[in-house]
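One structure below.
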Amino acid sequence: MTTAMAAALRRIQLGNALAAFGNGFTVPFLFVYVARVRDLGDGTAGAVLAAFAAAALLVLPFTGRVIDRSGPLVVVVIGAVSAALGALGFGLSTTAPAVLAASAVMGAGIAVLQPALATMIVWCSTPGTRSRAFATQFFLNNLGLGVGGLFGGMLVNEHDPASFTLLFSIEATMFLVLLAVLVTVRVARPVEAAAGSGAGAASGAARGSGWGVLLRDRPMVLLGVLGFVIFFACYGQFESGLSAYAVEVTHISTATLGTALAANTAMIVLAQFVVLRLVDGRRRSRVVALVGAIWTVAWLAAGASGLVHGAQAVATALLIGTYALFGVGETMLSPTVAPMVADLAPARLVGQYNSAFALVKQLALAVGPAVGGAIAAAGAWSSYIVMLVLCCLAVVGLALLLGRRLPERVDRPGSVVVARGGSPSGSGVEVPESAAETSAQGALSPEPAVRSGSGALSESAVLSQDAVAVCGAVPSGGTGERVAGAV
């Protein structure tokens with residue numbers, strides 16, 4: 001990775017952390033603000049959250065095409081301005097139509113920011129550094145949300161609407177600061193030829209456009225299904241079914257529930273980079289399968305917390321442990337799932353793939369609370385726990401199945417090198433990384449002839465995948481090779 005790439009990535013991460021800090025000021029208080037402070041009722045508050053999700057679902061199907069055609073910065077500008085206007089509108093709204101409109105505008109803005117930022121991270125990282133880049137983004141997101149929520153709780157006063165207006169104004173300012181930071185980032189778009197060496201090309205998904213390419217990419221479709229189950233079984237339950245279960249069945253106080261949520265955030269902040277070192281170099285699909293196993297234990301602990309009668313301390317510890325185990329799993333997902341999406345995508349469709357996966361996440365976050373809330377209303381708690389245990393076991397099975405279909409370079413980045421020669425087909429072959437010598441600078445080094453799948457011999461150059469820079473990749477004499485270029 002060049003110095004310019006590293007500097008650009010630091011700015012992207014800084015802007016992302018500031019936006020998360022602003023979100024943390026308001027997200028925990030949205031329901032209370034609409035229902036109690038503005039006295040618009042629980043029904044309107046629920047509709048506000050639904051409008052937030054619906055707006056995201058409406059804009060994400062079109063976001064990827066804009067990113068791939070015009071670049072992520074255009075979408076960042078649209079998203080940041082929309083999110084800022086929506087946040088400010090929240091703080092000033094006093095009627096149901098006004099808060100619903102503000103919710104839709106802010107929801108759409110935040111939704112399109114996600115794939116735009118992810119695409120910028122992909123453009124400013126290499127396959128070897130991408131896991132750390134996404135893990136850092138996740139860490140800063142949670143740190144920003146936690147710190148923002150802490151300060152927001154200190155400033156807010158349920159009996160003073162002006163205090164909420166201040167919170168939403170701070171959030172709007174943070175989105176504009178995000179925009180100010182990111183417009184200074186100069187990121188080179190990967191050249192079209194780079195798409196030919198992506199994993200998406202290897203699966204026959206390099207030709208065509210948009211959704212057609214993605215839907216023919218079987219590993220990506222399977223990853224989307226896996227992602228839906230992951231988000232449904234974890235994030236989709238945090239503020240709905242699991243919270244209701246904790247209060248209604250485990251009988252913990254709302255203050256203790258806050259402690260459990262804090263344990264989740266603390267686990268992420270404290271363990272993220274330790275976990276990153278532990279999973280580095282391991283097959284991503286197996287790491288995700290392990291997450292499913294850990295979350296299975298978490299849901300079993302939650303179920304046990306509702307069966308412990310007369311030992312409230314034990315029940316409370318089990319419930320807090322559930323949230324902590326979810327945090328451990330989240331730290332393992334951050335350096336695996338998002339990089340897999342990026343590495344599967346043809347270079348010219350990175351925005352489309354990131355937007356599609358963001359859409360899957362939003363669908364799960366819409367369906368998850370609805371299902372959790374319906375089961376909570378029916379009081380069918382045993383069925384609730386069984387359903388989510390089965391979902392987590394499905395994560396294990398889907399992840400292992402995905403591992404059999406992923407290209408080696410996607411499942412275990414850095415384990416192979418790409419040899420490209422002058423054979424008539426122009427195709428490359430993969431050989432173990434230990435078989436090649438690469439310089440410290442990642443330069444091309446001549447190797448003896450390598451036999452291709454067709455039996456032809458050609459003079460090849462071996463390029464360590466970790467040394468391939470995605471930002472500013474340039475074609476090399478039409479032989480199908482890629483070399484790192486300066487941003």
Side-chain angles (χ1 to χ4, degrees), residues 9-10 12-17 19-21 23-24 113-122 124-147 223-224 226-236 238 261 263-295 298 323-345 350 353-354 357-358 360-362 364-365 392 395 398-399 402 406 410-414:
L9 187 57
R10 284 194 296 269
I12 295 168
Q13 302 286 29
L14 172 63
N16 189 61
F21 176 75
N23 263 336
L113 280 174
Q114 296 176 29
L117 288 170
T119 302
M120 294 182 80
I121 290 173
V122 171
C124 287
S125 62
T126 68
T129 62
R130 196 160 291 147
S131 291
R132 176 169 290 274
F134 278 104
T136 301
Q137 181 197 35
F138 183 73
F139 167 82
L140 292 174
N141 262 335
N142 281 275
L143 182 62
L145 286 169
V147 174
L223 179 56
L226 174 60
F228 181 88
V229 180
I230 286 172
F231 292 120
F232 175 89
C234 178
Y235 301 98
F238 267 15
L261 288 166
N264 174 265
T265 301
M267 184 61 69
I268 292 169
V269 171
L270 294 175
Q272 179 64 83
F273 293 104
V274 175
V275 170
L276 181 61
R277 287 196 295 271
L278 293 176
V279 304
D280 185 38
R282 302 188 183 276
R283 291 190 178 276
R284 289 166 169 169
S285 59
R286 294 179 185 175
V287 173
V288 177
L290 180 58
V291 171
I294 291 172
W295 284 359
Y323 278 88
L325 285 173
F326 278 131
V328 173
E330 290 174 77
T331 63
M332 298 168 68
L333 288 176
S334 60
T336 52
V337 175
M340 277 196 286
V341 174
D343 291 346
L344 277 172
V350 171
Y353 274 55
N354 282 325
F357 199 76
V360 167
K361 179 179 179 180
Q362 288 296 330
L365 294 182
C392 292
V395 169
L398 287 169
L402 178 64
L406 285 175
V410 177
D411 198 22
R412 194 175 181 182

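For the numbers below, each heavy atom of this structure counts, side chains included, while hydrogens, waters and symmetry mates do not. We're numbering straight along the sequence, starting at 1.
Side-chain contact check for N23 versus L145: some heavy-atom pair is nearer than 4.5 Å. By the 4.5 Å heavy-atom criterion applied to side chains, Q114 and Q362 are counted as neighbours. Using a 4.5 Å heavy-atom cutoff, the side chains of I294 and L290 are in contact. Counting heavy atoms from C-beta outward, P335 and R132 have side chains that stay 4.5 Å or more apart.
With sequence neighbours excluded, the residues that form a side-chain contact (heavy atoms from CB on, under 4.5 Å) with N16 are L117, Q137, N141. Checked against salt bridge (charged side-chain N to carboxylate O under 4.0 Å, His left out), R283 has the following partners two or more places apart in sequence or in another chain: E408, D411. Taking the side-chain hydrogen bond (donor to acceptor under 3.5 Å, both in side chains) definition, one finds that T331 meets it with nothing, sequence neighbours left out.
For the atom pair CD of Q272 and CZ of F138, the computed distance is 6.5 Å after rounding to the nearest 0.5 Å. Interatomic distance, I268 CD1 to N142 CG, rounded to the nearest 0.5 Å: 4.0 Å. Note that CD of E330 and CD1 of I230 are 11.0 Å apart. Values are rounded to the nearest 0.5 Å. Atom SG in C234 sits 9.5 Å away from atom CG in L365 (nearest 0.5 Å).
Within the 3.5 Å criterion, the main-chain N or O of R284 finds no donor-acceptor partner in the side chain of R412. A side-chain donor-acceptor contact under 3.5 Å links R282 to the backbone of L278. Under the 3.5 Å distance criterion, the side-chain polar atoms of N264 are matched with a main-chain donor or acceptor of Y323.
Side-chain contact, R130 with S125: a donor N or O sits under 3.5 Å from an acceptor N or O. With 3.5 Å as the limit, one finds a donor-acceptor pair spanning the side chains of N354 and T119.
The shortest heavy-atom contact between A324 and M267 is O-CG, 3.5 Å. Taking each heavy atom of V395 and V288 in turn, the nearest pair found is CG1-O, 3.9 Å. The shortest heavy-atom contact between A289 and A399 is N-CB, 3.6 Å. Shortest non-hydrogen contact noted between F134 and A118 is CZ-O, 3.9 Å. The minimum heavy-atom distance linking V269 with F139 is given by the pair O-CE1, 3.2 Å. In this structure, L223 and F357 approach most closely via the heavy-atom pair O-CE1, 3.7 Å.
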Practice item. Output, in order, the C-alpha distance, side-chain angles, deciding distance and verdict of side chain to side chain contact (heavy atoms under 4.5 Å, CB included) for L406 and L344. Key: CA-CA 8 Å; L406 285 175; L344 277 172; 4.0 Å; yes
Review point. F21 and L143: side chain to side chain contact (heavy atoms under 4.5 Å, CB included), yes or no, with the steps?
Key: CA-CA 8 Å; F21 176 75; L143 182 62; over 6 Å; no
Check your understanding: Could you go step by step and tell me if Y235 and F326 meet the side chain to side chain contact (heavy atoms under 4.5 Å, CB included) rule?
Key -> CA-CA 9 Å; Y235 301 98; F326 278 131; over 6 Å; no
